[in-house]
K.L.:
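Just passing along the structure, written as structure tokens.
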Amino acid sequence: PAVIAVDAVENDNTDSSIVRAPGRDVISLAPEGHYDFYSGSSLATAEVSGLVALLRAERKQLSAAQAQGLLTEEAPAIPNACVALASLMHRPDCHVRDSD
């Protein structure tokens, strides 16, 4: 219950219990201070982990199931951090608001 299954969206996995994120040609650090493009489901997993960390920064007791629901309810194809945070914080949208 504390695990979120992730796969690269490019793998065309149709299992609805799996969160899918970009996993092909993702830019990342390379040896000797360079950048390069890499592919694989581990890159998709890293993105989803980062999104869950962002959500848990706002709601520390967020369960894996709740996080997965937030990441897939409005954007089932690819998780959207803005939409997930807006839903978590009960905001009507994910646009930045000016402070008064």
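Keep in mind the model is a prediction, meaning the values are calculated, not measured. Below, each value reflects all heavy atoms present in this structure, side chains not excepted, and no hydrogens, waters or symmetry copies.
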K.L.:
Could you tell me the separation between the CG atom of Asn80 and the OG atom of Ser87, rounded to the nearest 0.5 Å?
P.N.:
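Interatomic distance, Asn80 CG to Ser87 OG, rounded to 0.5 Å: 11.0 Å.
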K.L.:
Considering non-hydrogen atoms only, spot the tightest contact between Ala21 and Ala44 and give its length.
P.N.:
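Reported closest heavy-atom pair: O-CB, 3.4 Å.
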K.L.:
What's the shortest heavy-atom distance between Arg20 and Asp12, and which atoms?
P.N.:
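Shortest heavy-atom separation between Arg20 and Asp12 comes out as NH2-CA, 4.3 Å.
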K.L.:
I need the Asn13 CG to Ser16 OG distance, nearest 0.5 Å.
P.N.:
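Between atom CG of Asn13 and atom OG of Ser16 there are 9.5 Å.
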K.L.:
Would Ile78 and Tyr38 show up in the same hydrophobic cluster when neighbours are defined by side-chain heavy atoms closer than 4.5 Å?
P.N.:
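Not linked; separate clusters.
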K.L.:
Out of curiosity, does Leu88 fall in the hydrophobic cluster containing Val19 (side-chain heavy atoms, cut-off under 4.5 Å, transitive links)?
P.N.:
yes
K.L.:
What's the separation between atom CD in Glu10 and atom OG in Ser41, rounded to the nearest 0.5 Å?
P.N.:
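Glu10 atom CD to Ser41 atom OG measures 10.5 Å (nearest 0.5 Å).
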K.L.:
Is there a path of hydrophobic side-chain contacts, each under 4.5 Å between heavy atoms, that joins Leu51 and Ile4?
P.N.:
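Yes, same cluster.
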K.L.:
Nearest heavy-atom pair of Pro1 and Ala64: which atoms, and what distance?
P.N.:
O-CB, 3.4 Å
K.L.:
Listing request: all side-chain hydrogen bond (donor to acceptor under 3.5 Å, both in side chains) pairs with a residue in residues 42-69, at least two apart in sequence or in separate chains.
P.N.:
Ser63-Gln66
K.L.:
Are Leu70 and Leu62 packed together at the side-chain level, in the sense that at least one heavy-atom pair is separated by less than 4.5 angstrom?
P.N.:
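Counting from C-beta outward, Leu70 and Leu62 do come under 4.5 Å.
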K.L.:
Is the shortest heavy-atom distance from the side chain of Tyr35 to the side chain of Leu29 under 4.5 Å?
P.N.:
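Tyr35 vs Leu29: side chains touch.
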K.L.:
Roughly how far, to the nearest 0.5 Å, is the CG atom of Asp7 from the OG1 atom of Thr14?
P.N.:
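Between atom OG1 of Thr14 and atom CG of Asp7 there are 10.5 Å.
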K.L.:
Do Leu71 and Leu85 sit in the same hydrophobic cluster, where Ile, Leu, Val, Met, Phe, Trp and Tyr count as joined when their side-chain heavy atoms come under 4.5 Å apart?
P.N.:
yes
K.L.:
Hydrophobic cluster membership, with links at side-chain heavy-atom distances under 4.5 Å among I/L/V/M/F/W/Y: are Phe37 and Val26 in one?
P.N.:
no
